[in-house]
Amino acid sequence: MRSIRAAAVGAVTMSLALAASACGGGSSTGGGDNASPKTLTYWASNQGASIEIDKKVLQPELDKFQKQTGIKVKLEVVPWTDLLNRILTAATSGQGPDVLNIGNSWSASLQATGALLPWDAKNFAKIGGKDRFVESALGSTGAPGKDPAAVPLYSMAYGLYYNKQIFADAAIAEPPATWAELVADGKKIQAKGKQVLGAEGSNVSENIHHVFVFAKQHGAGFYTADGKPDFTNAGAVTAVKQYVDLMAKDKAIPAGNAEYAQNQSVSDFAKGRTAMLLWQSASANLASQGMSADAYGVAPVPVQSGTPGSGTQVNSMVAGINLAVFKNTHNLDGATKFVKFMTSDDEQKILNKAYSCIPSVKSAQSDPAFNTPANTVLKNTLATSAAALPQVADESQFETTVGTAVKELFADAAAGRSVTTDSVKAKLLKAQQQMPAK
């Protein structure tokens, strides 16, 4: 899913608890109805560099949909900082939009509320069939063994963006393939007066994405095989410490980035202040800030050793945005038509080009626009070396509690306080104790 996301754990936990019992429907069975067939409300996530850019991208497509169907779509672009809580509040009250974007890692959590329309075989058939979608994207649409709670819309993966001129000035011939190489390159970059690696230390979801990948690289995870939180296992502790040590020990991430949560690291990179950036499909964002595509390269995110792949060579979470329908919609047929429209080949090409994402529909990926060097790296990552975040009902609480623990550890590092294995384990234990009882 796209950055910037945060939610208070108390609000999330309470909302989820209430939503399971409070979700109603547009009909007596909670399955939606068609009482308002000429209108739809759509909550779109903030994918571009600003909400205004999103409106410029989306409104022409919504106008096109209205012309085709006679259905007017009322658009609201919701910032990532508000989106999860807005959705949970809507689930609790039963008063929400007809269609909405969700970060794909939230799929199972929101599915557990019962607020979203299940995408069973019958519903998928209305939009052209489930087999149109990329398998990796379908893997982040809900809990295993259940009908998906949403449909893939935009697919993304993390890449290592690097400034070619800064690398040349530091006599670095190629981007680092391992974390040890990144740290070593960082010393050469700092000698030239530049920052090494941008991060969003106060962004809890960005933190989760990275420590999840580090954990995979250490052969570990944050959940047991039967879906129970296991935040203090040795591999998870090592993963969190290695990520925070990029600031605390290696000095690759600037101390000031501990306070970043609003894409400031992307702006630093676009302005030539920072040599490298770990980001999901950043090309459109960088272009909107005036950075030429010729000024940077994109490489796979580093691994511990060797090259990216499966198992411990995982170097990205399966990132993306899904499209969901509230079960209590008063335009069920129109909402289904809208999902079909947004996932059509033509719209997949238009929207994913605009946001420099990868289409979630197989046939749309053949467009030459998605064969740029950057997109080739990201597509290969999704196909060979990305893993889905745990599709468990309490995933959103996991993001909040562990992401906040990492945020606090970055704050310690920035303030010069020691970050030890014991202090990392203590933060993760506190996070685990805040999770709902099983």
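We number each residue from 1, following the sequence as shown. Computed from a predicted model, the values in this text were never measured in an experiment. Just so it is clear, the values below take in all heavy atoms, side chains as well, and ignore hydrogens, waters and symmetry mates.
Side-chain atoms of T41 come within 3.5 Å of backbone N or O of D98 as a donor-acceptor pair. Listed for the S202 side chain is a donor-acceptor partner under 3.5 Å among the backbone atoms of A258. Without hydrogens or angle criteria, E200 side chain to N263 main chain gives a donor-acceptor distance under 3.5 Å. Between the N285 side chain and the A49 main chain, no donor and acceptor come within less than 3.5 Å of each other. A donor-acceptor pair under 3.5 Å links the side-chain atoms of T329 to the main chain of N331, judged by distance alone. At distances below 3.5 Å, at least one donor-acceptor pair connects side-chain atoms of N257 with backbone N or O atoms of A199. Not a single donor-acceptor pair under 3.5 Å links the side chain of E61 to the backbone N or O of F341. At least one donor-acceptor pair closer than 3.5 Å links the side chain of R132 to the backbone N or O of T343. Side-chain N or O atoms of W106 include none that pairs as donor or acceptor with a backbone N or O of S396 at under 3.5 Å. Without hydrogens or angle criteria, D54 side chain to G48 main chain gives a donor-acceptor distance under 3.5 Å.
For the atom pair OG of S344 and CD of Q68, the computed distance is 8.0 Å after rounding to the nearest 0.5 Å. Rounding to the nearest 0.5 angstrom, the gap separating the CG atom in N380 from the CG atom in N375 is 12.0 Å. Rounding to the nearest 0.5 angstrom, the gap separating the CG atom in L197 from the CG atom in L277 is 7.5 Å. Taking NZ of K55 as the start and CD1 of I51 as the end, the distance is 7.0 Å to the nearest 0.5 Å. To the nearest 0.5 Å, atom OG of residue S155 and atom CG of residue N104 are 8.0 Å apart. Between R273 atom CZ and Q264 atom CD the span is 10.5 Å, to the nearest 0.5 Å.
For W279 and F269, the ring centers sit 6.0 Å or farther from each other. Ring centroids of Y243 and F410 are separated by less than 6.0 Å, placing the two rings close together.
Put simply, the side chain of K126 does not reach to within 4.5 Å of the side chain of K340, judged on heavy atoms. Looking at heavy atoms from C-beta onward, I71 lies out of side-chain contact with T39 at the 4.5 angstrom threshold. Between I166 and M276, the closest side-chain pair of non-hydrogen atoms is not below 4.5 Å. Q397 has its side chain within reach of P436: a pair of non-hydrogen atoms, C-beta onward, lies under 4.5 Å apart. Considering only heavy atoms from C-beta on, L389 comes within 4.5 Å of H209 through its side chain. Within the 4.5 Å cutoff, side-chain heavy atoms of L351 are placed close to those of L58. Taking the side chain as every heavy atom from C-beta outward, F338 and L62 approach each other to under 4.5 Å. At least one side-chain heavy atom of D120 sits less than 4.5 Å from a side-chain heavy atom of N123.
Heavy-atom minimum distance, A115 versus F326: O-CD2, 3.4 Å. The minimum heavy-atom distance linking I358 with N352 is given by the pair O-OD1, 3.2 Å. A91 and T113 get closest at one heavy-atom pair: CB-OG1, 4.3 Å. Of all heavy-atom pairs between S107 and Q391, the closest is CB-OE1, 3.7 Å. When all heavy atoms of K427 and D412 are compared, the pair lying nearest together is CE-OD2, 4.0 Å. The shortest heavy-atom contact between A44 and L75 is CB-CD1, 3.8 Å.
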Residues F222, N233; criterion side chain to side chain contact (heavy atoms under 4.5 Å, CB included); working and verdict:
CA-CA 8 Å; F222 289 89; N233 68 77; 5.8 Å; no

Before giving the answer on side-chain hydrogen bond (donor to acceptor under 3.5 Å, both in side chains), spell out for E399 and S205 the whole-Å C-alpha distance, their side-chain angles and the decisive distance to 0.1 Å.
CA-CA 6 Å; E399 286 196 22; S205 291; 2.6 Å; yes

Does the side chain to side chain contact (heavy atoms under 4.5 Å, CB included) test come out yes or no for F398 and V392, once each step is laid out?
CA-CA 9 Å; F398 158 62; V392 294; over 6 Å; no

Dump the intermediate steps for side chain to side chain contact (heavy atoms under 4.5 Å, CB included) on V78 and N46, then the final yes or no.
CA-CA 6 Å; V78 183; N46 178 198; over 6 Å; no

Show your working on side chain to side chain contact (heavy atoms under 4.5 Å, CB included) between K337 and F65 and close with a plain yes or no.
CA-CA 9 Å; K337 290 177 182 177; F65 177 74; 4.2 Å; yes

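In this structure, K425 places its NZ atom where only 12 or fewer heavy-atom neighbours from other residues, nucleotides or ligands lie under 6.0 Å away. The number of heavy atoms from other shown groups lying within 6.0 Å of NZ (K74) does not exceed 12. E135 CD: 12 or fewer foreign heavy atoms inside a 6.0 Å radius. Around NZ of K164, the count of heavy atoms belonging to other residues, nucleotides or ligands within 6.0 Å exceeds 12. In E259, the CD atom is not crowded: 12 or fewer heavy atoms of neighbouring residues, nucleotides or ligands sit closer than 6.0 Å. Heavy-atom contacts from other residues, nucleotides or ligands closer than 6.0 Å to NZ of K146 number 12 or fewer. A 6.0 Å sphere centred on NZ of K430 holds no more than 12 heavy atoms belonging to other residues, nucleotides or ligands.
Under 3.5 Å, the side chains of Q289 and S267 contain a donor-acceptor pair of N or O atoms. Looking at S356 and S281, their side chains never bring a donor and an acceptor atom within 3.5 Å of each other. In the model, N322 has no side-chain atom that pairs as donor or acceptor with a side-chain atom of T141 under 3.5 Å. In summary, the side chains of Q242 and Q217 do not present any donor paired with an acceptor at a separation below 3.5 Å, with no hydrogens or angles considered. Side chain to side chain, T224 and D226 meet the donor-acceptor criterion of an N or O pair below 3.5 Å.
Using bins of under 30°, 30° to 60° and over 60° for the plane-to-plane angle, the ring pair Y161/Y296 lands in the tilted bin.
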